[in-house]
Amino acid sequence: MNPAPLSGLYAPSLSLVTDLYQLTMAYGYWQQGMQDREAVFHLYFRKAPFQGGYAVAAGLALAVDWMENFHFSEDDLGYLGSLQGSKGTPMFPAAFLQFLRELKFTCSVEAVAEGTVVFGNEPLIRVQGPLLQAQLLETALLTLVNFQTLIATKAARIREAAGPTDQVLEFGLRRAQGFDGGLGASRAAYLGGVDATSNVLAGQRYGIPVKGTHAHSWVMAFEDEPTAFAAYAKAFPDDSVFLVDTYDTLEGVRHAISVARQMRADGHELGGIRLDSGDLAYLSREARALLDEAGFPKTRIVASNDLEENLITSLKLQGARIDTWGVGTQLVTAFNQAALGGVYKLAALRNADNSAWDFTLKLSEQLAKTSIPGILQVRRYLNDKGHPRADMLYNTTEPLPEQLTIIDPLDPTRRRPIRSTNFRELLEPVFRQGRRILDLPTLAESRAHAQREVQSLDPSIRRFLNPHTYPVGLEENLNTFRTNLILEKRPQRPA
Ligand SMILES: Nc1ncnc2c1ncn2[C@@H]1O[C@H](COP(=O)(O)OP(=O)(O)OP(=O)(O)O)[C@@H](O)[C@H]1O
Ligand SMILES: O=P(O)(O)OC[C@H]1O[C@H](OP(=O)(O)OP(=O)(O)O)[C@H](O)[C@@H]1O
Ligand SMILES: O=C(O)c1cccnc1
């Protein structure tokens with residue numbers, strides 16, 4: 001028996017990474033003969049995480065891999081065949097299991113590239129294909145995209161606080177939500193802007209640079225601190241960063257300097273020191289002064305200890321001389337937002353005789369939660385510097401009017417005419433009827449794209465406190481269509 005797979009990337013079959021109800025609905029669709037009715041689903045979130053102004057789309061490569069491997073193995077089918085309803089009868093009859101055995105992935109998928117900045121209500125993935133198949137994708141797509149997007153966004157915020165030139169290292173594995181949570185978080189954190197990870201498996205699987213220092217236990221295992229530092233320098237003469245706060249931090253810096261002198265005499269340079277407790281602003285300033293005075297201006301100062309974007313911002317304002325930020329717990333657990341609330345909603349279904357689309361709508365008491373019908377595309381309008389100005393959601397099945405206006409989906413009185421003719425479409429084709437037609441970028445390319453994307457946003461949208469709202473609107477005809485559909489579906493109760 002193979003050990004439990006850690007990630008969709010290398011597992012033989014992960015098609016049971018789903019909620020039971022997807023399979024019960026699939027059986028029901030099959031029984032009704034509805035399995036091949038063409039359907040369109042959109043995956044989107046409603047609000048950017050961390051009360052921020054944007055999110056960084058992530059998870060597509062993992063989702064693509066999962067979809068490409070979508071099939072039910074004999075093990076999967078054996079398990080599904082063993083499930084029983086409350087009367088002890090099989091939940092799924094043999095003929096349906098045979099249908100699943102022969103099921104081939106034939107959906108068409110459009111998606112926003114990883115690393116692209118995205119906003120509430122914008123489809124990150126659009127799936128078009130047989131109803132039963134498109135339904136079966138829901139849970140896995142959400143699991144992958146929600147977590148990856150959440151962590152990539154957190155990492156982008158931490159990068160924003162650290163600035164473009166400081167190093168950011170991800171140290172979170174020990175605090176992650178399990179092995180797969182740690183592995184996925186390291187991937188997304190790198191995509192979102194950290195420089196390296198301490199997670200060796202993530203280095204091996206995803207080619208992320210691996211970096212690190214040493215723990216307190218190293219110092220504690222020797223008779224004194226200078227002996228411990230000298231021993232570490234012997235093991236890694238050109239790659240040593242000494243943790244200086246085991247006993248007395250500034251005394252630790254002095255010990256590091258004396259070992260660094262010996263290293264230099266032997267033709268090597270101390271890479272850095274790490275501070276992991278105490279007042280990081282004060283200690284880093286003192287440490288910088290000691291290192292500079294001693295002739296080690298290039299020795300880096302790493303800080304760790306429950307860091308996150310607001311603390312990094314504050315430390316910088318306090319004049320901290322930290323140039324490398326080790327960030328663990330708060331990054332990989334996405335503090336202070338446990339999950340991104342991405343959803344997957346049916347937006348269109350071909351009618352029974354396959355002659356036209358029926359556009360579908362999920363009503364809600366709150367307008368924010370009422371879905372958007374249509375087969376949607378997101379068009380991003382750019383200013384003359386190529387920076388995003390406004391996004392327009394429109395229905396691709398209808399012609400666009402000459403004069404374009406976008407309307408806030410939450411407040412129809414807020415409208416903006418579109419004057420710009422410079423735009424790009426965010427959803428790009430990934431699969432055509434089950435066949436992949438897009439070559440995915442490497443993780444490093446997606447990371448570079450993310451950095452450009454975040455930098456292209458106005459600082460007022462990137463700030464952490466009460467960010468400005470980036471304009472995302474429904475194209476006027478789509479807005480009218482949605483409003484009419486809401487009126488049609490909503491019960492009109494007399495007063
Ligand atoms: N100058 C500073 N301004 C704001 N917060 C700081 C500053 N220096 C450190 N912190 C943060 O304050 C928190 C508590 O720091 P403290 O040194 O008390 O940590 P600790 O975990 O109790 O130390 P130890 O690891 O020795 O137990 C940490 O999140 C740390 O990053
Ligand atoms: O604080 P984080 O952002 O999670 O960064 C990773 C932390 O992990 C290590 O110590 P560990 O937490 O194991 O022990 P400590 O907190 O007692 O130093 C390291 O020294 C960092 O403090
Ligand atoms: O390499 C480090 O300094 C490190 C690694 C994991 C957690 N904390 C620190």
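In listed order, ligands and their atoms are each counted from 1. Computed from a predicted structure; not experimentally measured.
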Check: Asp65 side chain, Ala61 main-chain N or O, donor-acceptor pair, under 3.5 Å:
no
Could you go through the side-chain contact (heavy atoms from CB on, under 4.5 Å) check for Asn336 and Glu308 one step at a time?
CA-CA 10 Å; Asn336 171 17; Glu308 41 76 45; over 6 Å; no
Considering only non-hydrogen protein atoms, determine which one is nearest to atom 10 (O) of ligand 2 and report residue, atom name and distance to 0.1 Å.
Arg174 NH1, 4.0 Å
Among all protein non-hydrogen atoms, which one is nearest to atom 7 (C) of ligand 3, and what is the separation to 0.1 Å?
Arg174 NH2, 3.5 Å
Protein contact for atom 16 (O) of ligand 2 (heavy atom, distance under 4.0 Å):
no
For atom 1 (O) of ligand 2, is some protein heavy-atom partner under 4.0 Å away?
yes
Taking only non-hydrogen atoms of Gly212 and a 4.0 Å limit, the atoms of ligand 3 in range are 1 (O)
Before accepting this row, confirm whether a basic side-chain N of the pair Arg424/Glu453 lies closer than 4.0 Å to the acidic partner's carboxylate O.
yes
I want to check something: taking the side chain as every heavy atom from C-beta on, are Leu376 and Tyr44 in contact at a cut-off of under 4.5 Å?
no
Is Asp384 paired with Arg389 through a side-chain N to carboxylate O contact shorter than 4.0 Å?
no
Do the rings of Phe431 and Phe105 sit parallel, tilted or perpendicular, given the 30° and 60° boundaries?
perpendicular
Using a 4.0 Å heavy-atom cut-off, say whether Glu170 meets ligand 2 through its side chain, its backbone, both or neither.
neither
What do you reckon, does Asp306 have a nitrogen or oxygen under 3.5 Å from a nitrogen or oxygen of ligand 2?
yes
Please work out, at 4.0 Å between heavy atoms, whether the side chain, the backbone, both, or neither of Thr329 comes within that distance of ligand 2.
both
For His468, what residues pass the side chain to side chain donor-acceptor pair (under 3.5 Å) criterion, not counting sequence neighbours?
none
Return yes if some donor-acceptor pair links the side-chain N/O of Ser304 with the main-chain N/O of Asp276 below 3.5 Å, else return no.
no
Protein heavy atom at shortest distance from atom 3 (O) of ligand 2
Gly328 N, 2.8 Å
Nearest protein heavy atom to atom 9 (C) of ligand 3, by residue and atom, and its distance?
Phe171 CD1, 3.4 Å
Classify the angle between the aromatic ring planes of Tyr232 and Phe236 as parallel (below 30°), tilted (30 to 60°) or perpendicular (above 60°).
tilted
Ligand 1 N/O to protein N/O, distances under 3.5 Å:
| residue | atom | partner | partner atom | Å |
| --- | --- | --- | --- | --- |
| ligand 1 | 1 (N) | Asp279 | OD1 | 2.9 |
| ligand 1 | 1 (N) | Gln318 | OE1 | 2.8 |
| ligand 1 | 3 (N) | Gln318 | NE2 | 3.1 |
| ligand 1 | 8 (N) | Gly278 | O | 3.4 |
| ligand 1 | 8 (N) | Leu280 | N | 2.9 |
| ligand 1 | 17 (O) | Gly278 | N | 2.7 |
| ligand 1 | 19 (O) | Asn305 | ND2 | 3.0 |
| ligand 1 | 29 (O) | Asn305 | O | 3.2 |
| ligand 1 | 31 (O) | Asn305 | O | 2.6 |

Given Val327, Leu243, Asp276, which one has a non-hydrogen atom that is nearest to atom 21 (C) of ligand 2?
Asp276
Between the side chains of Glu170 and Thr197, is a donor N or O closer than 3.5 angstrom to an acceptor N or O?
yes
Closest to atom 11 (P) of ligand 2 (heavy atoms only, candidates Glu308, Arg175, Arg274, His216) is Arg175
Run the side-chain contact (heavy atoms from CB on, under 4.5 Å) check on Arg288 and Ile301 step by step: do they pass?
CA-CA 8 Å; Arg288 185 75 272 158; Ile301 299 183; 3.8 Å; yes
Any idea which protein heavy atom is nearest atom 1 (O) of ligand 3, and the distance to it?
Thr213 N, 2.8 Å
Do we see a donor-acceptor contact under 3.5 Å between the side chains of Asp75 and Ser73?
no
